[in-house]
Number of protein chains: 2
Amino acid sequence: MARKSYPGGMSTTPTTDWLRLDQQICFSLNAASRAFGGVYRVVLKDLGLTYPQYLVMLVLWEHGDLPVKKLGEHLRLDSGTLSPLLKRLEAAGLVRRERSARDERSVEVRLTEEGTAMRERALEVPRRIATATGFDVDEIRALRARLDDLTTALDAAVAEETGGGR
Amino acid sequence: MARKSYPGGMSTTPTTDWLRLDQQICFSLNAASRAFGGVYRVVLKDLGLTYPQYLVMLVLWEHGDLPVKKLGEHLRLDSGTLSPLLKRLEAAGLVRRERSARDERSVEVRLTEEGTAMRERALEVPRRIATATGFDVDEIRALRARLDDLTTALDAAVAEETGGGR
DNA sequence: CACAATTCAATTGTGCACAACTGAATGGCC
DNA sequence: GGCCATTCAGTTGTGCACAATTGAATTGTG
């Protein structure tokens with residue numbers, strides 16, 4: 001871990017170094033994301049949920065019943081991911097899916113009794129996760145803010161490169 | 001509910017509901033990770049690589065030929081993920097897989113000429129990614145350090161809960 | 001040497017992410 | 001009213017992550 005002193009200034013960054021694995025922010029992010037997955041796998045086992053399923057439940061607990069489209073907007077997921085996931089939640093008895101009466105294209109995702117009741121048991125999850133991080137609340141908040149900045153910038157960059165830059 | 005003071009009585013934390021989606025660090029991390037995936041998808045399209053394939057190539061460029069096991073240690077991936085991925089890289093002509101002569105259990109992953117040559121074209125990737133983040137080098141390094149701390153803490157927590165606490 | 005435990009890559013099975021497409025329902029516009 | 005673009009959920013196909021298992025090769029121990 002020595003070498004590579006970018007003296008403080010940012011301008012002099014030898015190109016050769018950039019490919020170094022440990023320099024890759026993406027790698028760290030990816031690793032952290034998967035490490036989180038591992039913790040959630042353990043913590044959520046009692047509830048019988050996967051991590052993406054848990055995120056869906058969080059949205060439903062917070063916002064109540066939602067059409068698939070809205071659910072996807074909250075989670076940045078499309079129907080290709082949500083449709084099978086919701087089927088599994090339905091098979092587990094946590095949600096029902098009902099075609100909307102006023103718009104037959106839309107499917108309403110509704111919590112069942114059992115799905116609603118699960119919230120009580122889930123209240124402990126975030127605290128256990130926070131403890132596992134070893135970060136205090138302010139640190140978590142600061143990191144989260146940085147990550148959200150990053151996401152915003154990256155989405156903008158993609159939009160520019162694929163959609164807008166024409 | 002909530003408001004139970006935290007691991008050290010850290011400040012008040014007025015967060016009434018920890019279940020709120022936007023409080024979830026995991027969500028931010030997950031979103032950032034997928035946003036990165038989107039940028040890489042665009043940037044790597046020219047090379048014909050996916051992001052995990054690119055990570056494998058990075059390791060090989062840095063460390064030279066490696067057995068599957070070592071590759072997995074660098075990337076935190078097991079053979080269940082690597083075996084099919086390496087087959088695709090082999091089909092693309094970027095690597096060869098050869099059973100080790102001195103240990104027939106092991107499979108050496110070797111760069112082909114074409115795989116080695118690709119490095120030149122890949123040199124531009126990290127810069128394009130860095131630009132897309134909108135962060136300068138110091139910010140990136142700071143964020144990366146935080147993420148690595150996080151990963152270390154999370155891995156330790158999982159190990160404690162599943163392996164060590166016996 | 002024999003044999004049990006371990007190591008290693010591969011395979012199987014489940015679940016997620018995402019692009020591309022399908023097909024039905026809707027809404028705007030003449 | 002009839003037509004066409006759009007919206008929405010679902011399906012298909014590819015690729016990754018990971019747990020669990022398999023089977024061959026190797027190592028450790030007596």
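To find a chain, count down the sequence lines: A is the first, B the second, and so on, and within it residues start at 1. Not measured: the values here are computed from a predicted model. In what follows, every heavy atom counts, from backbone to side chain, and hydrogens, waters and symmetry copies are set aside.
- B:Tyr40 places its OH atom 16 Å from the P atom of C:dC18, with the value rounded to the nearest Å.
- Residues of residues 29-39 of chain A that place a heavy atom closer than 4.0 Å to DNA chain C do not occur.
- Rounding to whole angstrom units, CD of residue A:Gln53 and P of C:dG15 are separated by 8 Å.
- Taken to the nearest 0.5 Å, the CG atom of B:Leu123 stands 12.0 Å off from the CE atom of B:Met118.
- Remark: C:dT11 base-pairs with D:dA20; criterion is Watson-Crick or G-U wobble with both hydrogen-bond distances under 3.5 Å.
- Per the geometry, CG belonging to A:Asp155 stands 10 Å off P belonging to C:dC18, to the nearest Å.
- The CD atom of A:Glu104 sits 13 Å away from the P atom of D:dG10 (whole-angstrom rounding).
- Between the side chain of B:Asn30 and the main chain of A:Ser33, no donor-acceptor pair closer than 3.5 Å is present.
- Every side-chain hydrogen bond (donor to acceptor under 3.5 Å, both in side chains) that A:Arg128 has, sequence neighbours left out, goes to B:Glu161.
- B:Leu44 places its CG atom 15 Å from the P atom of C:dC18, with the value rounded to the nearest Å.
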Which atom pairs, donor and acceptor, lie under 3.5 Å between side-chain atoms of residues 75-86 of chain A and protein residues at least two apart or in another chain?
residue : atom : partner  : partner atom : Å
A:Arg76 : NH1  : A:Asp155 : OD2          : 2.6
A:Arg76 : NH2  : A:Asp155 : OD2          : 2.8
A:Asp78 : OD1  : A:Gly80  : N            : 3.1
A:Asp78 : OD1  : A:Thr81  : N            : 3.2
A:Ser83 : OG   : A:Ser79  : O            : 3.1

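- Place A:Ala101 and A:Leu77 on DNA chain C by their nearest nucleotides, and A:Leu77 ends up nearer the 5' end.
- Rounded to whole angstrom, the span from the CG atom of A:Asp78 across to the P atom of D:dT11 amounts to 14 Å.
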Ignoring hydrogens and angles, write down the donor-acceptor pairs under 3.5 Å from the side chains of residues 93-100 of chain B, residues two or more places apart or on other chains.
residue  : atom : partner  : partner atom : Å
B:Arg96  : NE   : B:Glu98  : OE2          : 3.1
B:Arg97  : NE   : B:Glu90  : OE1          : 3.1
B:Arg97  : NH2  : B:Glu90  : OE1          : 3.2
B:Glu98  : OE1  : B:Arg110 : NE           : 2.8
B:Arg99  : NE   : B:Glu104 : O            : 2.8
B:Arg99  : NH2  : B:Arg105 : O            : 3.1
B:Ser100 : OG   : B:Arg102 : N            : 3.3
B:Ser100 : OG   : B:Asp103 : N            : 3.2

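- Between the CZ atom of B:Arg41 and the P atom of C:dA20 there is a distance of 10 Å, given to the nearest Å.
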Q: Starting at the 5' end of nucleotides 8-14 of chain C, put B wherever the base has a protein heavy atom under 4.0 Å, S where only the sugar-phosphate does, and a dash everywhere else.
A: SBBB---
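- Put simply, the side chain of B:Tyr40 never gets that close to the backbone of B:Tyr54: no donor and acceptor are under 3.5 Å apart.
- Qualifying side-chain hydrogen bond (donor to acceptor under 3.5 Å, both in side chains) partners for A:Asp149, counting only residues two or more places apart in sequence or in other chains: none.
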